[in-house]
Amino acid sequence: MSNTDTDTGVSRPDEDERTAERLTSAPAESDGPAGIGAFGWLRWTWRQLTSMRVALILLFLLSLAAVPGSLIPQNGQNAFKVQAWKAAHPTVAPVYQKLQLFDVYSSVWFSAIYILLFVSLAGCIIPRTWQFVGVLRAQPPAAPRNLTRMPVYAAWRTDADAVTVNAAAHRLLRGRRFRANLADGSVASEKGYLREVGNLLFHLSLFALLAGFAWASLASGQGGKLVIEGQGYSNTMTQLDDFKGTAFYGSEDLDSFGFKLDNFTSRFQTSGDQVGSAREFTAHIRYWKGSDDSKLTKGDIEVNHPLEIGDSKVFLIGHGYAPVVTVKNAKGEVVYSGPTAFLPQDSNLTSTGVIKVSDYGFSEKDDKKVKMAFQGFFLPTAPANFDMSTGPRSLFPGDADPLLVLNAYVGPAGDSGLPENVYQLDSRGMTQLSQDGQIAKVKLKPGQGWTLPDNYGTVTFDGYKQWASFNVSHRPGNAVALTGAVCAILGLIGSLFVQRRRIWVRAVAMPDGTTLVELAGLARSESAKIAEELGELAVDLQDDAPALDDTDAAGTDPDDGDPADTDVVEPHVVEPDAVEPDGAAAEAGPAPDATPDPAVPADPHSKE
């Protein structure tokens with residue numbers, strides 16, 4: 001219902017009251033469809049979508065939708081774990097596949113919530129910002145007609161001129177950093193705009209946070225690479241062990257750089273309750289930018305301390321050992337020599353691996369071309385003895401007493417054409433060598449060798465090197481997301497601890513020659529701060545408008561019908577009873593248990 005007189009076009013008094021009591025720049029929400037027909041329903045739907053209530057619901061749904069991504073293996077993180085999970089849960093795996101639970105963050109339903117939250121935040125921020133700018137440009141709302149309706153109120157009479165009192169109040173409020181406006185015989189002031197600034201900053205930061213995540217999901221990529229000491233790596237698709245791109249970042253977008261792993265430092269605790277705990281992992285490298293690998297720069301990569309090269313970051317994510325083995329055939333020819341990375345299986349770095357010799361040559365047994373493979377364990381610190389029940393297990397992750405355990409396989413040479421895992425052995429079509437009726441196996445210390453049965457040559461354990469696995473990541477939205485998160489916290493602090501408040505001062509000349517001075521305050525939430533500020537202002541204003549004694553103010557008629565005609569002669573502050581949820585003040589009145597300040601006694605004739 002309109003509050004404007006249709007004949008005169010003048011706003012009604014209650015509209016001025018609501019304008020003064022509104023302490024927020026948030027757009028008013030509609031309770032139902034605006035208008036009739038499809039357009040009205042669309043407008044109402046848009047208002048609901050862009051309301052803060054719906055934004056909070058969508059934010060909760062987004063956090064709830066992310067839960068499956070942390071409980072179920074994801075294709076984007078580890079496709080091997082996904083396949084293992086499907087094999088272990090054959091019944092529910094097809095259902096999960098249809099629900100896109102193995103690709104949660106790129107699923108249709110997760111993207112729908114994400115986009116709706118984007119739209120909701122944008123639709124909430126834009127009009128709110130526009131209205132807040134209008135509030136900043138406008139003067140504080142004029143004083144309501146009846147100041148006694150405000151939750152906090154003070155009044156007294158003085159001999160000072162009304163114009164002088166108003167000017168003094170304007171000066172004092174400006175000195176307290178209020179935005180003050182002197183007009184129409186009263187002073188209107190307002191303070192606490194940082195509350196709304198913090199509110200807007202929080203919403204803008206949340207929007208930036210989501211935008212950063214979206215940007216990262218669309219324009220990021222990462223790849224993995226295992227590098228053995230003494231070897232190098234060039235950031236090209238052919239040298240990456242694995243790579244995952246996105247819609248706007250592919251293999252052709254990889255930054256041009258490379259590095260060489262000179263050595264790796266690993267240190268573990270050797271005593272105490274946390275024996276075996278890692279204390280230092282550092283990869284010492286030399287890297288180059290661009291295509292010129294002659295200009296090398298030294299650098300170190302540690303856990304949680306990546307190396308930034310161009311727009312990419314190189315993270316250290318793993319460490320292990322690579323036994324160095326030399327294999328000779330029956331003729332004494334070296335058919336394989338070098339380090340082979342073994343993968344850790346436990347916290348003590350008990351490692352398994354496969355050494356594949358695809359070009360072994362011809363067998364002395366049947367003069368046929370064969371291939372050979374060795375499967376085994378590397379133990380950095382081997383126990384004195386172990387059997388089949390305990391199995392080979394390392395006692396400590398450091399290389400205190402290294403041992404290599406091997407057994408051998410032979411089979412016909414040739415490539416099946418199928419991709420093979422370099423860390424696993426497909427023994428189909430291959431025969432495990434035996435000796436004296438038992439499986440042929442050996443335990444080798446560094447420098448020791450093994451003569452293979454059936455005249456297949458020798459194997460020598462020359463030593464071992466360390467390897468490090470790296471993750472090469474390109475995520476352009478991380479800085480935006482981090483900045484958004486920090487600014488969101490700052491904005492939330494401002495919106496919670498800064499109070500929006502208004503103070504009005506009105507000095508009116510009375511028929512008896514005195515001046516009635518009225519002060520009123522309104523805060524967005526109940527707080528003692530507005531009452532304290534009003535009391536301090538009343539005390540400071542006594543210098544320019546000293547209060548009259550009760551005897552000086554005698555002769556006034558409190559029942560002449562004028563609500564401003566009151567016998568209040570000393571300042572008093574009335575604490576708020578209640579404030580309506582929409583910011584409108586309830587009818588003021590002293591709380592039943594309120595104890596008046598003896599320094600500022602309340603006048604019994606006051607309408608408060």
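A quick note: this is a predicted structure, and the numbers were derived from the prediction, not measured.
- When the shell of 6.0 Å around CZ of Phe213 is examined, it contains 12 or fewer heavy atoms from other residues, nucleotides or ligands.
- Checking Asn329 against Tyr456 by side-chain atom types alone, no donor-acceptor pair falls below 3.5 Å.
- A salt bridge does not link Lys465 to Glu229: none of the charged side-chain nitrogens sits closer than 4.0 Å to a carboxylate oxygen.
- Counted by atom type alone, Asp292 and Ser294 present one or more donor-acceptor pairs between their side chains at under 3.5 Å.
- His319 and Ser469 are not linked by any side-chain donor-acceptor pair at a separation below 3.5 angstrom, with hydrogens and angles left out of the test.
- A side-chain N or O of Ser266 and one of Gln466 form a donor-acceptor pair less than 3.5 Å apart.
- Under the 3.5 Å distance criterion, with hydrogens and angles disregarded, a donor-acceptor pair is assigned to the side chains of His284 and Asp300.
- Residues satisfying the salt bridge (charged side-chain N to carboxylate O under 4.0 Å, His left out) criterion with Lys445, sequence neighbours excluded, are Asp401.
- Checked by atom type, the side-chain pair Arg393/Gln345 shows no donor-acceptor distance below 3.5 Å.
- Between the side chain of Thr350 and the backbone N or O of Asn348 there is no donor-acceptor pair closer than 3.5 Å.
- Under the 3.5 Å distance criterion, with hydrogens and angles disregarded, no donor-acceptor pair is assigned to the side chains of Asp103 and Tyr105.
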Table please: side-chain donor-acceptor pairs of residues 477-484 below 3.5 Å, with sequence neighbours left out.
residue	atom	partner	partner atom	Å
Asn478	OD1	Arg475	NE	3.2
Thr483	OG1	Ala479	O	2.8

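- Side chain to side chain, Thr282 and Thr265 fail the donor-acceptor criterion of an N or O pair below 3.5 Å.
- In this view, Asp241 and Lys225 satisfy the salt bridge (charged side-chain N to carboxylate O under 4.0 Å, His left out) rule, not counting sequence neighbours.
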